[in-house]
Amino acid sequence: MSELQDSQKEAPLDFIRSIVHEEVEAGKNDGRVHTRFPPEPNGYLHLGHAKSICLNFGVADEFGGLCNLRLDDTNPVAEKTEYAEAIMEDVRWLGFDWEDRLCHASDYFDQLHEWAIQLIKSGKAYVCDLSAEEMRKKRGTLTEPGVKCCFRERSVEENLELFAKMRDGDFEDGSRTLRVKIDMSSPNLNMRDPVIYRIVHADHPKTGDKWKIYPSYDFAHGQSDSIEGITHSLCTLEFEDHRPLYNWFCENLGIHHPRQIEFARLNLNYVVMSKRKMLRLVEDGHVSGWSDPRMPTIQGLRRRGYTPESIRNFSEKVGVAKRDNMIDVALLEHCLRNDLNKKALRRMGVLRPLKVVIENYPKDQVEKLDAINNPEDPEAGSRTVPFSRELYIERDDFMEDPPKKFFRLGPGREVRLRYAYYITCTEVVKDGNGEVVELRCSYDPETKGGDSPDGRKVKGTLHWVSAPNALNAEVRLYDRLFSKENPEDGEDFTSNLNPDSLLTLSNCKLEPELARAESGESFQLERLGYFCLDSEDSSPENLVLNRTAPLRDSWAKLQKRN
RNA sequence: AGCCUGGUGGUGUAAUGGUAGCACAGAUGUUUUUGGUACAUCUAGUCGGGGUUCGAAUCCCUGCCGGGCUGCCA
C-alpha cells in the first residue's frame with residue numbers, strides 16, 4: 001500500500017485508477033480487483049485495443065488483481081477462430097499473460113439461456129414477432145417515444161413455448177426475437193425493450209450447431225462480467241448509453257454487479273483506426289493486408305518494427321480520460337526511439353549509394369576496423385567492419401556546391417568516415433548528363449579509427465559501407481498513410497491517402513554484419529533510423545528491410561525551413 | 001430536436017476551493033567520432049458571460065462548441 005501511495009505522488013492516477021483506488025480503500029468487492037479485455041473475434045487488434053489491453057491488465061496488476069482475456073463471441077456470422085488466434089498472439093506479444101483465464105462469452109450460453117427464461121417467467125421478457133423493419137418503426141425516434149407492440153402482453157406460457165421453439169430452430173432467422181420489457185418511452189433508446197436473443201441459424205466456432213439463438217451484446221456482456229467476478233468493466237464511451245441496461249440486467253437478475261466505467265477511445269492522426277475503414281483499405285488494395293507496416297494494427301506495427309515496450313509505454317503516455325482526443329503519431333515515434341535508442345545495435349548501411357574511391361589506399365587491401373555496437377550500452381560490445389579502397393557513401397552526404405551549414409563532403413572538403421579515417425574529396429566524376437557518379441578521395445592513414453593525432457577537427461562524420469563486402473538489400477521507407485491529419489474529415493477518406501506512404505529503395509548497401517540479423521530484431525542504421533528485416537518478404541538471399549522510424553534529423557529540419 | 005457526455009498551451013494529460021504542472025511537438029544553446037542521444041533554457045493554456053468566495057480550471061447559473069445514441073453489430 002505504501003508503494004501505491006508513493007507512485008501516487010509521482011504520477012497522479014487517471015480517473016479510472018482513482019475510482020478503483022477509492023473502492024479498494026472502501027473495501028468494496030472485499031478489496032478485490034478483477035478486469036477483463038473483451039474483444040470480439042471479428043477482426044485484428046489495433047493500437048486502440050492496445051490502449052485498452054494496457055489499461056485492463058495494468059489496473060489489475062497495479063492493484064494486485066487479475067485480468068481475463070475474454071472473446072466476446074456472441075455473433076457467429078461475424079466471428080472466426082482465425083481472428084481469435086490472432087488476438088491471443090497479439091496480446092501475448094504485447095507482453096500480457098491471462099494465465100488460465102481465457103474466457104468466451106459462449107462459455108455462458110447455457111446460463112444466459114436460463115436467465116432469459118427466468119426473465120420470461122417473471123414477466124420481464126417476451127417473444128416478439130415484429131420484423132426488424134417493423135421494430136424500427138415502433139421504436140420511435142430520438143425525440144418521439146416508441147410504442148408498445150401487441151406481443152408485449154403475451155402470457156408467460158406462450159412466451160416460454162415460443163422461446164423454446166426459437167431455441168429449437170423452428171423459426172427462420174429474423175422472424176422473432178426475445179425482448180426485455182423495460183420502457184418504450186425511455187429517452188434512452190437502449191431501454192426501449194431491447195432485443196436480448198435473436199435467431200441465427202449459423203454454426204458457432206465454439207458451440208457448433210448447438211444453438212439457433214444467440215444472445216445480444218447487451219444481454220451477454222454484463223452477465224459475462226458478472227459470472228467471471230469482474231469488479232470493473234472498462235469500456236469505451238459509446239457504451240455509456242448502455243450502462244443503464246447493463247445495470248438493469250444485474251439488478252433484475254440479482255447477480256454480482258460489476259461497475260462499468262467508460263473512457264475515450266484512442267485516435268491517432270494521419271491514420272484510420274475503425275475496423276470498417278481498415279477493412280476497406282485492405283479490400284481495395286490500398287495496403288498489402290492487415291499486417292501492412294503502415295497499418296495501425298498490432299500486426300502491422302510489429303512488422304514495421306515497433307517493440308512491445310514502446311507500444312506499452314505509448315499506451316501509458318496517452319493517458320485515460322473521457323474527452324475526445326487525437327494523439328500525434330510523433331508521440332508513438334518518440335516512444336519507439338526512446339526504447340530502441342537504449343537497445344538497438346548500431347550498424348551501417350547506405351540507402352542511396354554513391355561510389356567513393358580512396359586513391360591513395362592500397363588496392364586489394366581490406367582492414368577490419370572496430371566499431372562500437374551501441375554507445376548507449378557498453379555491454380553491447382563492439383564488432384568489426386571491413387574497410388577497403390572502394391566504398392559507398394550516402395548521396396545526400398555529398399554536395400558539389402554546399403550551402404553554408406552543410407558539414408558533409410564536398411570538393412576539397414575533409415570529413416570523417418565513422419570508425420575509419422578522415423578522407424578528402426579530390427575529384428568529382430560525372431556521367432554524360434552531368435550526374436555525379438563517383439568521388440575520388442584521399443585518406444589520411446594517421447587518422448585510423450577516426451581521430452587525428454594532430455588534433456585536427458572535421459565538422460562531419462559519415463556512415464559508409466565497403467563496396468566489395470557490401471550486402472545488397474531492398475529497403476522500404478514508410479511515411480504516414482494519409483496526408484490529412486484526420487482522414488475521416490472529408491467525404492471519402494481514401495481520397496486523403498498519401499501517395500508517398502511507401503517508398504521502396506533497391507540496391508541499398510549494408511555492412512556484412514547484417515547478414516546475421518534475425519527477423520524480429522531491431523537495429524539502428526547510423527544516422528538513418530531504426531530498421532528491421534521484413535518478416536514476410538526478407539530472406540538471406542534477398543534482404544528486405546523496413547524502416548520503423550527515422551532518427552530525428554535537425555539538418556533536414558533546417559533545410560525544410562529554408 | 002430529446003437523452004447521455006465532454007470542453008486546460010499546437011497535441012495529450014495533471015491540478016477537485018489556495019503558486020496552472022508534466023510529456024510530446026516547436027525554438028535556442030552546451031556536449032558529441034551518429035546533424036542521433038544526453039543536458040540546459042525558452043515559447044505556449046483554463047470555451048464565453050454572469051454569480052458564490054478573502055480566493056474559482058475546480059462550486060452555481062447561462063450561453064457556445066465537440067462527441068455518442070434511432071442494428072435482431074459489438
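Letters A, B, ... are given to chains in the order of the sequence lines, protein chains preceding strands, and every chain is numbered from 1. Computed from heavy atoms alone, side chains included, the values below leave out hydrogens, waters and symmetry copies.
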| query | Under 3.5 Å, side chain of Ser315(A) to main-chain N/O of Ile311(A), donor-acceptor pair present? | reply | yes
| Any donor-acceptor pair under 3.5 Å linking the side chain of Asp73(A) with the backbone of His104(A)? | no
| message | Tell me if the side-chain of Arg323(A) makes a donor-acceptor pair with the base of G66(B), cut-off 3.5 Å, by modelled atom types. | response | no
Looking only at side-chain atoms of [X], point me to the closest of [options].
X	options	answer
Arg527(A)	A74(B), G35(B), A14(B)	G35(B)
Asn325(A)	U13(B), G36(B), A74(B)	U13(B)
Leu142(A)	G35(B), U70(B), A14(B)	U70(B)
Arg552(A)	C24(B), C72(B), G26(B)	G26(B)

| Between His463(A), Arg408(A), Lys509(A), which is the residue that forms a side chain to side chain donor-acceptor pair (under 3.5 Å) with Glu394(A)? | His463(A)
Considering only distance and modelled atom types, tabulate donor-acceptor pairs under 3.5 Å from the side chains of residues 47-54 of chain A, sequence neighbours left out.
| residue | atom | partner | partner atom | Å |
| --- | --- | --- | --- | --- |
| His49(A) | ND1 | His46(A) | N | 2.9 |
| Lys51(A) | NZ | Ala264(A) | O | 2.9 |
| Ser52(A) | OG | Asn56(A) | ND2 | 3.3 |

[atom1]-based separation of [M] from [N] [nearest Å]:
N	M	atom1	answer
U13(B)	G6(B)	C1'	15 Å
G21(B)	U5(B)	P	31 Å
G45(B)	C22(B)	P	15 Å
A14(B)	U46(B)	C1'	13 Å
A15(B)	A25(B)	P	24 Å
G67(B)	C72(B)	P	25 Å
G12(B)	C64(B)	P	24 Å

| said: Quick check on RNA chain B: between Val200(A) and Leu558(A), whose nearest nucleotide comes earlier from the 5' end? | reply: Leu558(A)
| said: If you assign Leu417(A) and Glu240(A) each to the RNA chain B nucleotide with the nearest heavy atom, which residue ends up on the more 5' nucleotide? | reply: Glu240(A)
| With a 4.0 Å cut-off on heavy atoms, is Arg416(A) in touch with a base, just the backbone sugar-phosphate, or nothing at all? | base
| message | Using a heavy-atom cut-off of 4.0 Å across all strands, would you classify Lys557(A) as base, sugar-phosphate, or nothing? | response | sugar-phosphate
| field | Ile372(A), CD1: over 12 other non-hydrogen atoms inside 6.0 angstrom | value | no
Can you check whether [X] and [Y] have ring centres sitting under 6.0 Å from each other?
X	Y	answer
Phe239(A)	Tyr246(A)	no
Tyr197(A)	Phe219(A)	yes
Phe263(A)	Phe15(A)	no

| query | How would you label the glycosidic angle of G71(B): syn (within 90° of 0) or anti? | reply | syn
| Is Arg176(A) close enough and on-axis enough to Phe171(A), meaning under 6.0 Å and within 45°, for cation-pi? | yes
| message | Should Trp555(A) be counted as stacked on G35(B), where stacking needs a ring-centre gap under 5.5 Å and an angle between planes under 30 degrees? | response | yes
| said: Taking the basic N atoms (NZ, or NE/NH1/NH2) and the acidic carboxylate oxygens, is any pair closer than 4.0 Å for Lys165(A) and Asp168(A)? | reply: no
| note | Writing each nucleotide of RNA chain B 5' to 3' as (, ), [, ], | or . by Watson-Crick or G-U pairing under 3.5 Å yields .((((((..((((....[..)))).(((((.......)))))....(((((..]....))))))))))).....
| Counting only non-hydrogen atoms, which of residues 181-197 of chain A are less than 4.0 Å from RNA chain B? | Pro187(A), Leu189(A), Val195(A)
